[in-house]
Amino acid sequence: MSTDPTFISNATPQVTGLSSSKKSVLMQPVVSSKVQIQFIVAWLFCLIFYFAQYAMRSAPGVMLPELTQAFSLTALGISTLIGLYYYTYSLFALIAGAFLDRFGARLVVPAGIAMLAAGSILFGWGSSLSAEFGRLLQGAGGAFAFTGAVYLATHGFPGKYLATAIGFTQCVGMLGGSAGQFLVAPLIHGIITWQQFWIDAGIACFIVAIIMMVLTPRSESSPVSEKTSLWAMFAPYKIVLTNPQSYLCGFSAGLLFLPTTIGDMIWGVPFLRVASHLEFNEAVRQVSMVPLGWVIGCPLLGYLTDVIGRRKPVLIAGGVFMLAISLVILYAPRELLPAYWPGLLLGLGSGAAMIPYTMIKELNPDKVKGSATGAINFLVFTLSALMAPAYGWLLNHLSGDTPMTLETFQQAGTVGIVGIVAAIVMACFIKETGSKALPERQAS
């Protein structure tokens, strides 16, 4: 699953966490009871940005034959090309919050949209080199989408509506991930070419960037950010990244994401075509159910952890559920579950990957909650960046010079199964942070 999970599991005004400094300008509007219309209008346009970056993240998965032919790529090559997105996304996830706090949204968010737009146009330009550079730019720009939307929502909405706005923001992104599959597929197979899709999308994003630069009001400068150096804003990462619990959170979430970021968004359509002998459009519709499952699973499982006052049981149970559904998808007879249900259930279960995003903030000091979010994004998507080409190489190695078969995917799929098991084991060693565990931790 490739979601931008920041804040969704515990989206309250107290933990919006985009700042690396102790007195973030982002936190000032939270205590206001007034609606700031200009910021809300800018937030609405930022939702378009967030929707678009999710759609661009998932869209290559429905054009693998075209990309393979255009660039003469193997399975390893196509995985590497698509996975380049996550290299820059993970790096700029560390940068986005600090830049927003330092410079405000009026310049930073449009700059992110412009990078996404340029990357889209370059991807559709037609050459292998421009596609690679374009994919890197897409990841860099996309890292500003959700963080920018939350920043604008925090400035625009009163505190009592902020959690709702953040939850709605996350759902828009997830819908973009689904649209990048079920809407893009018919577009590029009957209306426009795949190259034209990327160029048109880039032009549309440039228009949104210009509109946002005009509409977004200036933010008040933070006295702290004006007096400190830019590098000083990254100092809190030292606290987060020297805490072993941060790595348990990051890698458990990252491993639970792999079946969706790589399994669904890159190889879902080819798998279903050989496993179930589906027509292309039907395979696309079925894999697009995974992001729709996120829309249900992410808020539902996060809410459940708050209701029972425990994080770990829901995280572990979600991992076990994902394991069971993954085994069914890979090895069970196709008729065991009705069409569309496997993807929907996998997406629902993968909502458990959001829970460590809350836990890492609760396992680190209050003053570094924003950096904790950036750090876990970095760990999660670095893992996706590394595993995308590795999984492509494995598929290429197993299939050799022959077309991929169901057996090829089943053998390679054991990597995802082992990853889910490892995530469950890691989750067992994360300290409980739920509300019911707080008295126990204080007593100890």
Measure the [atom1]-[atom2] distance between [X] and [Y] for me, rounded to the nearest 0.5 Å.
{"X": "Ile82", "Y": "Thr261", "atom1": "CD1", "atom2": "OG1", "value": "11.5 Å"}
{"X": "Met115", "Y": "Ser120", "atom1": "CE", "atom2": "OG", "value": "14.0 Å"}
{"X": "Met404", "Y": "Arg273", "atom1": "CE", "atom2": "CZ", "value": "13.5 Å"}
{"X": "Ile376", "Y": "Leu241", "atom1": "CD1", "atom2": "CG", "value": "11.0 Å"}
{"X": "Leu258", "Y": "Ser350", "atom1": "CG", "atom2": "OG", "value": "11.5 Å"}
{"X": "Thr147", "Y": "Phe144", "atom1": "OG1", "atom2": "CZ", "value": "8.5 Å"}

Could you tell me whether a side-chain N or O of Arg57 sits under 3.5 Å from a main-chain N or O of Tyr85, the two making a donor and an acceptor?
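Not confirmed, Arg57 side chain does not pair with Tyr85 backbone.
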Does Thr216 reach the main-chain N or O of Ala105 with its side chain, forming a donor-acceptor pair under 3.5 Å?
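No: the side chain of Thr216 does not pair with the backbone of Ala105.
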Do the ring planes of Phe271 and Phe409 sit parallel (below 30°), tilted (30 to 60°) or perpendicular (above 60°)?
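Perpendicular: the ring planes of Phe271 and Phe409 meet at over 60°.
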Name the orientation class of the two ring planes belonging to Phe257 and Phe381 (parallel below 30°, tilted from 30 to 60°, perpendicular beyond 60°).
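Phe257 and Phe381: parallel rings.
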Quick one: which residue pairs count as a side-chain hydrogen bond (donor to acceptor under 3.5 Å, both in side chains) with a foot in [range], not counting sequence neighbours?
{"range": "residues 312-331", "result": "none"}
{"range": "residues 171-182", "result": "Gln181-Asp264"}
{"range": "residues 337-347", "result": "Glu282-Tyr340"}

Minimum heavy-atom distance between [X] and [Y], given as atom pair plus value:
{"X": "Ala131", "Y": "Phe123", "value": "O-CD1, 3.4 Å"}
{"X": "Ala388", "Y": "Gly83", "value": "CB-CA, 3.9 Å"}
{"X": "Leu395", "Y": "Ala412", "value": "CD2-CB, 3.6 Å"}
{"X": "Gly177", "Y": "Pro291", "value": "C-CG, 3.9 Å"}
{"X": "Ile266", "Y": "Leu64", "value": "O-CD1, 3.0 Å"}
{"X": "Ser288", "Y": "Phe182", "value": "OG-CB, 3.7 Å"}

Result of checking Asp200, Ile48, Leu116 against Cys205 for side-chain contact (heavy atoms from CB on, under 4.5 Å):
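So, applying the side-chain contact (heavy atoms from CB on, under 4.5 Å) to Cys205 and each of Asp200, Ile48, Leu116, only Leu116 qualifies.
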Using side-chain contact (heavy atoms from CB on, under 4.5 Å) as the criterion, point out the one residue from Leu363, Thr358, Asn364 that pairs with Ile360.
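Only one of Leu363, Thr358, Asn364 forms a side-chain contact (heavy atoms from CB on, under 4.5 Å) with Ile360, namely Asn364.
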Given the rule in the side-chain contact (heavy atoms from CB on, under 4.5 Å) test, do Val421 and Leu323 qualify, once you have shown the distances and angles that lead to the verdict?
CA-CA 7 Å; Val421 172; Leu323 179 63; 4.1 Å; yes
Answer yes or no: are there more than 12 heavy-atom neighbours, outside Gln410 itself, under 6.0 Å from its atom CD?
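Correct, the count exceeds 12.
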More than 12 heavy atoms of other residues, nucleotides or ligands under 6.0 Å from CD of Glu279: yes or no?
no
With heavy-atom distances below 4.5 Å as the criterion, would you say the side chains of [X] and [Y] are in contact?
{"X": "Val290", "Y": "Leu344", "value": "no"}
{"X": "Ile430", "Y": "Ser252", "value": "yes"}
{"X": "Gln245", "Y": "Phe429", "value": "no"}
{"X": "Ile262", "Y": "Met387", "value": "yes"}
{"X": "Cys249", "Y": "Met426", "value": "no"}
{"X": "Arg311", "Y": "Leu315", "value": "no"}
{"X": "Tyr151", "Y": "Trp43", "value": "no"}
{"X": "Ile417", "Y": "Leu327", "value": "yes"}

Apply side-chain contact (heavy atoms from CB on, under 4.5 Å) to Leu255 and Leu383, showing your working.
CA-CA 8 Å; Leu255 289 168; Leu383 190 60; 3.9 Å; yes
side-chain contact (heavy atoms from CB on, under 4.5 Å) between Phe146 and Thr169, intermediate numbers included
CA-CA 8 Å; Phe146 187 75; Thr169 300; 3.5 Å; yes
Pair Met174-Phe51, side-chain contact (heavy atoms from CB on, under 4.5 Å): steps then yes or no:
CA-CA 8 Å; Met174 295 170 181; Phe51 182 94; over 6 Å; no
Per-pair distances, 0.1 Å, donor-acceptor, side chain in residues 90-100, under 3.5 Å, sequence neighbours excluded:
{"from": "Ser90", "atom 1": "OG", "to": "Tyr86", "atom 2": "O", "distance (Å)": "3.0"}
{"from": "Ser90", "atom 1": "OG", "to": "Tyr87", "atom 2": "O", "distance (Å)": "2.9"}
{"from": "Ser90", "atom 1": "OG", "to": "Thr382", "atom 2": "OG1", "distance (Å)": "3.3"}

Residues which pass side-chain hydrogen bond (donor to acceptor under 3.5 Å, both in side chains) with Asn396, listed by chain and number, not counting sequence neighbours
none
Going by the rule side-chain hydrogen bond (donor to acceptor under 3.5 Å, both in side chains), which residues pair with Asn281 if we only count those two or more places apart in sequence or in a different chain?
none
Just checking, any donor-acceptor pair under 3.5 angstrom between side chains of [X] and [Y]?
{"X": "Thr405", "Y": "Thr408", "result": "yes"}
{"X": "Trp393", "Y": "Ser79", "result": "no"}
{"X": "Tyr357", "Y": "Asn377", "result": "yes"}

